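Please read all numbers here as calculations on a predicted model, not as lab measurements.
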Amino acid sequence: MDTRRYRMVVDSGLDYVTTGAQVDDRLRHWLKEPPKGYDVAAFAEGRNEIARGVTLDHDSATGTTGAYGRWRLREALPGGTWQTTVLIRRSGDSPTRVQLDVEHLPDDPDAVPVPAKTPRLAAGLLDVLDARDGLADVTAQPQVVEAADVDAVIDELCDETRRLPIVVASTPYGVDFDTWLEHTVDPLVRPLAGLAILYVLPPEAETGFNRALEYHRVYGGGVRTYLPGVDPAWPADGLRHRVMSRRMITERPSHSRRILAQLPQRLATRTPLPAELDSVPVMRTRARGGSHAPELERLRDENIALLEILEEAGREQRVRADEIRDLTHELRKAEDNETLLIAEYDEQYHELHKARAQVQALQRHLVAIGAGAAAYTPVSVPDDEPESFEELLDRVAGLTRLHFTGSRKTTVELDAQAYGSSWVRMTWDAVLALQDFAEAAAAGQADRDFKQWCSDVPNGVRTISPRKIVRDESKSVKGNAGWRRERTFPVPERVHPARKVFMGAHVRVGGGNTIAPRLHYYDGARTEHGIFIGYIGPHLTNTLT
């Protein structure tokens with residue numbers, strides 16, 4: 001997942017010339033104000049070095065295919081260069097496009113770039129450009145949806161030309177709306193400037209919004225991220241659009257802000273650029289120093305051959321970019337198809353989950369009144385489900401016979417995935433089933449493996465479909481040294497002297513062959529070691545991935 005670069009792409013509501021003037025003004029204001037404080041007057045005087053190690057370049061062109069203007073700021077700092085690029089583009093009758101990119105270019109080519117935060121420049125541009133995405137206004141602060149605006153917002157959700165996600169915040173019951181907006185919603189969505197369309201629902205608009213979107217509701221202080229392509233009439237589509245609860249937002253605001261931003265950041269960097277922006281040539285600049293014109297004339301003559309080479313390289317780069325763009329479009333189509341299958345699977349699982357919960361509640365009642373006295377009674381676990389993988393891992397730590405030994409970071413990163421909104425619930429079901437199985441094994445009431453146990457469990461015991469359980473990996477996986485190493489996870493020395501074991505047994509979480517996560521475990525329940533979960537994360541490498 002590439003969330004290292006910040007990218008904003010919007011349509012300007014102004015004409016091309018006015019857009020260029022506003023961008024130039026906002027950029028200069030951003031550069032000269034604290035904390036930067038650069039000498040933008042130097043740029044106006046013809047020098048591109050506006051501070052030590054800081055350059056600002058500009059190029060533009062007008063032709064039969066339209067016009068563009070571009071500003072590029074490079075700031076050399078320890079460890080690498082921060083590059084900020086603003087591009088405006090007019091092509092034919094299309095609106096003027098504006099693209100803002102911020103990225104870190106490490107000095108060491110093998111180093112990992114530092115993730116880019118949302119720049120203040122983004123909000124400054126949105127404030128003056130009358131920015132739009134499809135039918136929707138793009139603003140730095142959330143827009144309040146009045147009751148009369150609900151239909152328009154729903155049209156924006158369903159707009160096929162929309163590229164950005166729409167983030168809608170609801171208001172808790174009994175809470176002052178202005179206070180909730182100022183102290184909770186505004187800070188929560190601040191990193192989303194330019195990355196998403198932002199709305200907040202006051203109570204008077206929330207009822208009509210949820211009545212119109214029966215399968216895509218948001219309420220009670222929750223925040224929902226609506227991906228492009230909303231289908232209000234399809235229940236399964238509702239599962240694509242993630243909801244963040246009020247509890248997480250209020251109890252863990254920093255974590256919530258980071259998680260909420262990850263999906264829009266990922267979509268911004270992986271969504272193909274509009275063709276007119278993608279066709280702008282590579283920027284070529286030369287150092288400018290107003291008082292050294294003769295030297296520049298000499299350098300210009302010496303650089304003719306180099307410019308010809310660069311032009312050829314630019315043409316080659318554009319050819320490669322066209323190929324990559326076409327491949328990206330094909331990949332997006334394939335991903336969309338798999339996402340729909342996952343949504344259908346999740347919808348079916350949701351219904352099955354409710355039915356199973358009702359059956360288990362009835363079975364526990366029968367056990368309690370003595371009708372199933374001989375049956376194993378599971379250890380009590382709170383009925384409420386975790387809302388994130390991070391919370392799930394915290395809950396696993398409190399279970400008696402289950403031990404998580406894997407990478408917490410890998411598991412928590414699943415919270416940033418776009419689809420499979422019920423993955424946390426499915427994984428939690430598997431965890432509870434493993435816990436009950438381990439307890440029964442410790443009590444001498446399980447003489448089978450986990451898959452057999454789930455096929456024929458006593459009344460009231462938590463379980464999952466045995467079809468989701470795989471006893472071991474295939475011969476091709478076990479015979480590949482690298483793939484086998486991927487599935488070897490830590491255990492205590494009392495379990496194995498090498499302090500690690502191959503965990504071929506796993507649970508399929510969600511639908512889809514390669515998108516949905518896997519839970520790998522080692523069954524030491526019948527030797528009183530308990531069950532060790534070595535991995536919860538994306539599907540590991542095999543012949544299909």
Side-chain angles (χ1 to χ4, degrees), residues 376 378-382 386 388-415 423-424 426-454 461-464 466 468-509 517-542 545:
Y376 162 68
V379 174
S380 176
V381 175
S388 67
F389 279 97
E390 183 166 30
E391 184 183 349
L392 183 146
L393 291 184
D394 291 339
R395 298 250 196 125
V396 169
L399 298 178
T400 55
R401 299 191 181 274
L402 239 55
H403 316 284
F404 180 76
T405 64
S407 166
R408 184 180 182 92
K409 179 176 180 292
T410 299
T411 303
V412 171
E413 284 178 350
L414 291 173
D415 286 327
W423 285 352
V424 174
M426 294 179 186
T427 306
W428 183 239
D429 285 348
V431 164
L432 293 181
L434 283 166
Q435 166 71 9
D436 278 6
F437 169 68
E439 289 285 356
Q445 298 181 13
D447 55 356
R448 298 156 285 175
D449 64 18
F450 181 52
K451 186 180 182 77
Q452 291 172 317
W453 164 263
C454 288
V461 174
R462 289 167 291 229
T463 183
I464 58 175
K468 299 176 68 65
I469 304 167
V470 180
R471 287 191 174 99
D472 202 359
E473 291 286 10
S474 64
K475 290 181 179 180
S476 60
V477 170
K478 291 194 291 185
N480 183 298
W483 297 351
R484 185 178 183 88
R485 205 162 34 244
E486 279 188 25
R487 293 159 173 80
T488 301
F489 303 108
V491 293
E493 187 175 7
R494 60 186 169 83
V495 177
H496 195 283
R499 296 185 178 179
K500 55 185 179 181
V501 296
F502 174 73
M503 298 188 187
H506 60 273
V507 176
R508 300 187 184 102
V509 177
R518 296 294 185 262
L519 181 156
H520 285 257
Y521 66 93
Y522 171 74
D523 180 4
R526 281 170 287 176
T527 57
E528 299 184 354
H529 290 313
I531 291 179
F532 294 87
I533 299 175
Y535 180 84
I536 301 175
H539 196 300
L540 296 171
T541 311
N542 67 6
T545 56

Answer whether the closest heavy-atom distance between the side chains of Phe502 and Arg485 falls below 4.5 Å.
-> no
Heavy-atom check, side chain of Leu434 versus side chain of Leu519, under 4.5 Å | yes
When every non-hydrogen atom of Arg518 is compared with those of Val509, the smallest separation belongs to NH1-N, 4.0 Å
Return yes if some donor-acceptor pair links the side-chain N/O of Thr541 with the main-chain N/O of Trp483 below 3.5 Å, else return no.
-> no
Classify the ring geometry between Tyr535 and His520 as parallel (under 30°), tilted (30 to 60°) or perpendicular (over 60°).
-> perpendicular
State whether Asp449 and Arg471 are salt-bridged, where the test is any N-O pair (Lys NZ or Arg NE/NH1/NH2 against Asp/Glu carboxylate O) under 4.0 Å.
-> yes
What do the steps show when you test Ile531 against Arg401 for side chain to side chain contact (heavy atoms under 4.5 Å, CB included), and what is the final call?
-> CA-CA 6 Å; Ile531 291 179; Arg401 299 191 181 274; over 6 Å; no
Val495 side chain reached by Tyr522 side chain, heavy atoms, under 4.5 Å = yes
Look at the side chain of Lys500 and the backbone N and O of Thr488, then say whether any donor-acceptor pair between them is shorter than 3.5 Å.
-> no
Which heavy atom of Val470 sits nearest a heavy atom of Asp472, and at what distance?
-> CG1-O, 3.1 Å
Does any N or O in the side chain of Thr410 come within less than 3.5 Å of the main-chain N or O of Gly406, such that one atom is a donor and the other an acceptor?
-> no
Do Thr411 and Glu390 have side-chain atoms, one donor and one acceptor, less than 3.5 Å apart?
-> no
How many angstroms lie between OG1 in Thr463 and CZ in Phe450, if you round to the nearest 0.5 Å?
-> 6.5 Å
Side chain proximity check, Thr427 to Pro517, heavy atoms < 4.5 angstrom = no
So do the side chains of Val431 and Val396 get within less than 4.5 Å of each other, counting heavy atoms only?
-> yes
NZ/NE/NH1/NH2 to OD/OE distance under 4.0 Å, Lys478 and Glu473 | no
Trp453 CH2 to Gln445 CD distance, which is reported to the nearest 0.5 Å = 7.5 Å
Look at Asp523 together with Lys451 and state whether they make a salt bridge at an N to O cut-off of under 4.0 Å.
-> no
Does CZ belonging to Arg494 count more than 12 external heavy atoms closer than 6.0 Å?
-> yes
